[in-house]
A.B. asks: 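I am attaching a structure below and will ask some questions about it afterwards.
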Amino acid sequence: MGKTFYITTPIYYVNARPHIGHAYTTIACDTIARRHRMLGDDTWFLTGTDEHGQKIERAAQAAGKTPQQFTDEISAQFRALWDRMGLTYDDFIRTTSPRHQHGVQALWRKIRDNGYIYKGTYTGQYCVSDELYVDAEPGAPCPDCGRITETVHEENYYFKLSAFQDQLIRLYTEQPDFIRPETRRNEVLSFVRSGLRDLSISRSTFSWGIPVPDDPKHVVYVWLDALANYITALGYGSRDTAKYDKYWPADVHMIGKEIVRFHCVYWPAFLLAAGLPLPRGITAHGWLLFEESKMSKSRGNIARAETIVDVLGTDALRYFLLREVVFGQDGSFSFDALVQRYNSDLANGLGNLASRTLTMIGRYFKGEVPYPSHAAHSAADDVIANAAKKVIADYGQLFDQYQFSRALEMAWGLVAAVDKYIVENEPWSLGEKQDENSRARLATVLYTSAEALRIVTALAHPVIPDATAKIWAQLGLGDIGKFDLKQLQWGQLRLGTKLGEVQAVFPRTDKSAVVRMQKMEEQNGAAGVAPVEPSEARPMPASAASSSVPAKPAAVIPDGKISIDDFAKVELRVAQVKTAERVKGADKLLRLEVDLGSEVRQLVAGIAEAYAPETLIGRKVVIVANLAPRKLRGLESNGMIVAASPEGGKPVLASFLEDVPLGTRLK
């Protein structure tokens, strides 16, 4: 066993049943955990549910249930869905469990005894939906969710958050990878530099929470309660701290961008106050949008993971979310895009490669991996071998940086290369011939194709575990779970290996799959999505996708005009061109790689008639950063470059007179 590795999801707030926003984060963590296990690391993967707070108490009362009954039902739905999807979490923590309560109270005592808690009173605004203290006037809306805040006056315990301002700033500057991506780190750094106030960490006007030690009329503020799960699940505060001693600090807390402040400011401050080690890193991803708008119960556009699993299977959802969405950015989900990606990459891509390669080995070599011939070797074979070696070398590095989309794009580039290799070498024609040279060439082509298939299958296993386990078995390699990914290299497919039974792993589907999923969601919506109001910016990543402001009457916009809300949807950012080259066969297109400061993206732009590629290197440009990816001439373009295009004239790029940092948003 290698090093230890500890990864966590946020714990999901039980105000609504799970949907693909919750699944997105959990699938990402599951994929990372699976890869680390394949690398031989002693891995611990934690998820769970957050079940306390004033909002839950009110919702339970409205539903005619006790808070415990209410939370038991919703928490069970999360766990049941994760089990159905085969997610490999090692522990599922509930904040209503005795082990968690004991750990939270131990953490409170430690912080208190170290002198960082004092009693006071709070008078001000509170957002019940977000369980968030708000610096605003009475009757003002919450700055995060837009709902009207409530005026609260109550006795509280305070945490000396202000005492940690300088330490936190040093943390962010000395350890820049503590918060990723860089945009979130800058956001947090700006917030802390603006000044930290002491934080109220108890409530005394309701009872649904963990009692404060030695003062049971108070309950612990839900954010201190919830954040502590990362250590209470390991046994902190109990007699058995073996897991805590082994796995803490966490290697990564995976969260949605809407809860960055709580995880990157409050959580490290609590740990510093208690004298405990800090997590090694916190990674925030973007929102998952449905049909280009945030998911929300009030809009009726929440998609359930169960619907997709029923129609296309778990692997389809896993692959789509990690391939289609650039991790760290907002991403789009639609049933049409899901089916298109399923057919192009899974059915026609990996599935077709596996089926045609293994079927031909069965037909021409009695189901045994053939011996490649040195005499029949060609340069085309080396092209595939070298491409596979490069994928092995680069894929893991991209994955470790959570650049899932780029890693999968690279792996599927190998799939496409092998498909082209097969078409050009026509093994079906070679198989019709009986001469020795044709048989030798046939054996070489099919061995090369099968070995490339093995490479992709091993690398993709953490992402699409069900299908890759089947392909691995069809290759005659047994249980893929026993494969040591660190040892992966070209040429390991043993000659003469007997294949297993060959079956399709990704049957092609059509538009009817979209219709079926839409109908299932319509029927689901008719039954009601959740027993409580829309969710909020609690520990529920990708579901800030599910955070929504109560509907307002639509504003009347003059003809040809757009609202400020429409304009705000367009994310314009500063980027610098790092690479530029012409697209083969397209007179107007250039392929660009642009640096946004926190990432490098590929764009395809129709500016080749106006700009020579070499003149663009180093130039700062403006791009639309939140466009859904699209393909042009087989190349994926992740955004659009901004240019003025006079009628009948050549495009002119938008630019700057002053120096502007990369990634800066235009407003």
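The structure presented is a predicted model; accordingly, all values stated were derived computationally and were not measured. Excluded from the calculations below are hydrogen atoms, water molecules and symmetry mates; all remaining heavy atoms, backbone and side chain alike, are included.
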A.B. asks: Is the cationic atom of R341 (NZ for Lys, CZ for Arg) positioned less than 6.0 Å from the six-membered ring centroid of Y319 and within 45 degrees of its normal?
C.D. replies: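 No, cation not above the ring by the 6.0 Å, 45° rule.
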
A.B. asks: So, are K519 and E522 salt-bridged, with charged N and O less than 4.0 Å apart?
C.D. replies: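 Salt bridge flag = no for E522 with K519.
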
A.B. asks: Thinking salt bridges, do E571 and R573 make one under a 4.0 Å N-O criterion?
C.D. replies: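 Salt bridge between E571 and R573, a charged N being under 4.0 Å from a carboxylate O: yes.
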
A.B. asks: For K390, give me all partners under side chain to side chain donor-acceptor pair (under 3.5 Å), at least two apart in sequence or on another chain.
C.D. replies: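 Listed in chain order: D394.
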
A.B. asks: For Q175, give me all partners under side chain to side chain donor-acceptor pair (under 3.5 Å), at least two apart in sequence or on another chain.
C.D. replies: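 Scan of Q175 (side chain to side chain donor-acceptor pair (under 3.5 Å), adjacent residues dropped) gives none.
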
A.B. asks: State plainly whether the residues R84 and E306 are in salt-bridge range, i.e. N to O under 4.0 Å.
C.D. replies: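 So R84 does not pair with E306 through a salt bridge.
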
A.B. asks: I'd like to check the side chain to side chain donor-acceptor pair (under 3.5 Å) partners of Q401; sequence neighbours left out, ordered by chain and number.
C.D. replies: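 Checked Q401 against side chain to side chain donor-acceptor pair (under 3.5 Å); matches are Q403.
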
A.B. asks: List for me each residue that meets side chain to side chain donor-acceptor pair (under 3.5 Å) alongside T31, sequence neighbours excluded, and say none if there are none.
C.D. replies: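 Side chain to side chain donor-acceptor pair (under 3.5 Å) check on T31 returns R318.
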
A.B. asks: What residues, two or more places apart in sequence or in another chain, satisfy ring pair (Phe, Tyr, Trp, His ring centres under 6.0 Å) together with F399?
C.D. replies: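 With sequence neighbours excluded, F399 shows a ring pair (Phe, Tyr, Trp, His ring centres under 6.0 Å) to Y395, F404, given in chain and number order.
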
A.B. asks: Determine whether the side chains of D510 and S512 contain a donor N or O and an acceptor N or O closer than 3.5 Å.
C.D. replies: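 On atom types as modelled, these side chains qualify, holding a pair under 3.5 Å.
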
A.B. asks: Do K578 and E593 meet the salt-bridge criterion of a basic N to acidic O distance under 4.0 Å?
C.D. replies: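 K578 and E593: not salt-bridged.
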
A.B. asks: Can you list everything that forms a salt bridge (Lys or Arg N to Asp or Glu O under 4.0 Å) with R34? Sequence neighbours excluded, please.
C.D. replies: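 Expected list: D30.
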
A.B. asks: Say whether H285 and T25, considering side chains only, have a donor N or O and an acceptor N or O under 3.5 Å apart.
C.D. replies: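 Present: a donor and an acceptor within the cut-off.
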
